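In what follows, a single structure is set out as structure tokens and then discussed.
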Amino acid sequence: MATEAPLSAKQLSIGYRQGADAFALASGLNCSLHSGQLVCLLGPNGAGKSTLIRTLAGMQPPLSGELLLDGRPLQDIAPRERARAISVVLTEGLPMGVMDSYALVSLGRHPYSGWFGGLNAHDCERIEWALHAVGASTLARRQVAELSDGERQKISIARALAQEARLMLLDEPTAFLDLPRRVELMGILRNLAQREKLALLLSTHDLDLALRFADKLWLLSPEGSLIQGAPEVLALNGQFAEAFACENLDWDAHSGSFRTHPEPCLRVQLSGDGLERLWTQRALDRMGFGLTESTSDAAFALKVDPDCWQLELADGAIRVLDTLQAFIEWIEADEWRASLSA
Amino acid sequence: MTTAIHRPAPRRHQVLFALIGLGLAGLALLSLCLGSLHVTPLQVFQALTGGESIDPVHHQIIVDFRLPQVLTALLAGAALGTAGLLMQTVFRNPLADPFVLGVNSGASLGVALLLLALGPSGLSLTDGLTGSGQLLRILASSGGAAATLFIVLILSRRVDIMSVLIIGLMISYTIGALVSILMFFSMAERLQSFINWSFGDYGNVSWEQMPYFLPTIAGGILLSALFIKPLDALLLGERYAESVGTRTKQVRFFVLLGASLLAGTVTGFCGPIGFLGIAAPHLCRNLFQTNQHRVLFPASILVGALLSVGADLLARGPGLDFVLPLNAITALVGAPVIIAVLVRQRQLKRLF
């Protein structure tokens, strides 16, 4: 893994000022972004993810601490030079009016172009490369207002890429996208980090994708501390669970995801295997059932085979259903509850 | 792939620029020819080139009355189109223009104060001002315009896009009330001259005022033209603009200074002229299908001038004995344009 760290923070305190008062969201942060690495910034709402991103991008002054870009204090670097080193993708909307994608992406060349913003051959090459890199070449002449959310997000990333900066900071780039689009976007970003040796930081609420795609996770806790590490390490040592702990949500270290209903009131003795069993178990999970090994505390026993859901109720009655749909409908009909009281 | 995407400035833009330029030249010529006394284009040509054969009366009408008026219409339209474009971009508001944001009112307050101050000395608003008086008028109206614009800017940072328009309107009303109070204490003939001024008239600028009017407008346009690139960046919003290296505070200050100078000077000399500032940039966006200022900026200048010369021609009603208030014409032409654009785009933010 690359070791060069273009951006590093020492004892950074982030937050906002209102008059003479400073409100710190997080303090004592020591972190750095490395070339070729995709870092995912996770944390509950209000923990200060956006503030951290804006501070690292130099768009908002830190309350205290040191922020170094290539060893120089970030606030001493002129806007134009900073723009050549750091690009951003923000949550705020892009202009919607009459502007095509190419024109929007070309704004990323501003740190390089002359006084009137004319584009030379290298600029055009870079714009086309950026559009191609995010798979949006065909969108170049489309009006930005006509694009879907996913397409617009790609254009937004292409604009940042056109800036030819070694660091890219993205604030929730996957929000408002459907799952396939999110996966696609994360794949694109990880490839960019690796191929182009970019240092990428993105904030997201998508824990699952962050675990799968990030080289490193930053967990910003509500208390204002930053936990860093490889995703697998944080998942294994429980810090991941800790950062997101709340009453109705339970970290399942086996599946690497959070689950609701940690304490089921009814249990099912489930047997069988294959995909049918897996998805039957998911259905039971969702409807609030837990699993048990013994028949004594089971509400009913269920044996799953292809095309056969065989139920043995507490009162000894047997039912056989031939589809998962039929099984779910049977559970939802609630008739089986009668067998419990018997 | 590379060749498919890359496209130089579309030929369509060149054709449009040529058509608008020709239209402007045609209208200007028509404006010189038509009026209470019709002259032929040939006579206009002779008058302008100082030919010997022309009737001195015709020469006087063309050179001393019509030419400055057409030139004023052209410059005022260019100035208002530019000012409208600048304000729409800086406020990120498609309906911003000198009239809507109360800049005209600010300028008129400046003029009213000046009028009241000069009142006792017996000078009327448009005639007889000395050189320093002309400069004073530019200062008063531009100062009033700038003060209003920066107040609206400060307030607009706290509210959304629609509220800015309402704040602008309220400021207009407030200043209008102040102006009314000032007028109440004015002498009757000052009052009449103020009312005439408020109708809007390009005839106010004669060759005497031109040496002050023209350089100020040209200066304002040149100053603003320096910021074509950062204006593009501002389309993304301030944060994005800063992220590509734009010094937004500086840019905003100088751009609004330019806009105040343009809108203020036009208002000071020709009266508050509405709708050109909104209509010209919108027409340009629709015609050129782009938001890039290196196209929109010259386009707004030309289209603003075109609309302005056209409105002036209509107001003077060729063949009629009277002159309609210019403001009424720009409103009659401009307001439907804005309504049509809004209805067609349905959503306010999509305009921009």
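Note that the structure is a prediction, hence the values are computed from the model and not measured. Chain letters run A, B, ... following the sequence lines, proteins first and then strands; every chain starts at 1.
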*Might you point out which heavy atoms bring Ser243(B) and Arg159(A) nearest each other, and give the distance in Å?*
OG-NH2, 4.2 Å

*Can you tell which part of Ser113(A) gets under 4.5 Å to a heavy atom of chain B, answering side chain, backbone, both or neither?*
both

_chain B contact via Ser101(A) - which portion, at a heavy-atom distance below 4.5 Å_ = neither

*Could you pull out the closest heavy-atom pair between Val244(B) and Pro111(A), with the gap in Å?*
O-CG, 3.6 Å

*Find the one option among Pro79(A), Gly58(A), Ala160(A) whose heavy-atom pairs under 4.5 Å with chain B are most numerous.*
Pro79(A)

*When rounded to the nearest 0.5 angstrom, what distance separates CZ in Arg239(B) from CD in Gln60(A)?*
7.0 Å

*Would you please go through residues 297-308 of chain B and name the residues with a non-hydrogen atom below 4.5 Å from one of chain A, in numerical order?*
none

*Segment of Ala103(A) engaging chain B (4.5 angstrom heavy-atom cut-off)*: both

*Any idea which of Asp232(B), Thr246(B), Thr290(B) has the most non-hydrogen atom pairs under 4.5 angstrom with chain A?*
Thr290(B)

_Quick check on Leu119(A) against chain B: is it the side chain, the backbone, both or neither that has a heavy atom closer than 4.5 Å?_
neither

*Residues of residues 219-228 of chain B under 4.5 Å from chain A (heavy atom pairs)?*
Ala225(B), Leu226(B), Ile228(B)

*Of the backbone (N, CA, C, O) and the side chain (C-beta and beyond), which part of Gln289(B) lies under 4.5 Å from a heavy atom of chain A, both, or neither?*
both

*What are the two closest non-hydrogen atoms of Gly245(B) and Ala83(A), and how far apart are they?*
N-CB, 3.5 Å

*Heavy-atom distance under 4.5 Å to chain A: side chain of Arg247(B), backbone, both or neither?*
side chain

*asked:* Does Phe116(A) have more than 12 heavy atoms from other residues, nucleotides or ligands lying within 6.0 Å of its CZ?
replied: yes

*asked:* Is Arg84(A) close to chain B through its backbone or its side chain, or both, or neither, when contacts mean heavy atoms under 4.5 Å?
replied: neither

*Does Phe254(B) CZ have over 12 foreign heavy atoms under 6.0 Å away?*
no

*With a 4.5 angstrom heavy-atom cut-off, which part of Arg54(A) approaches chain B: side chain, backbone, both or neither?*
side chain

*Reported CG-to-CG distance for the pair Leu104(A) and Leu235(B), which is rounded to 0.5 angstrom*: 9.5 Å

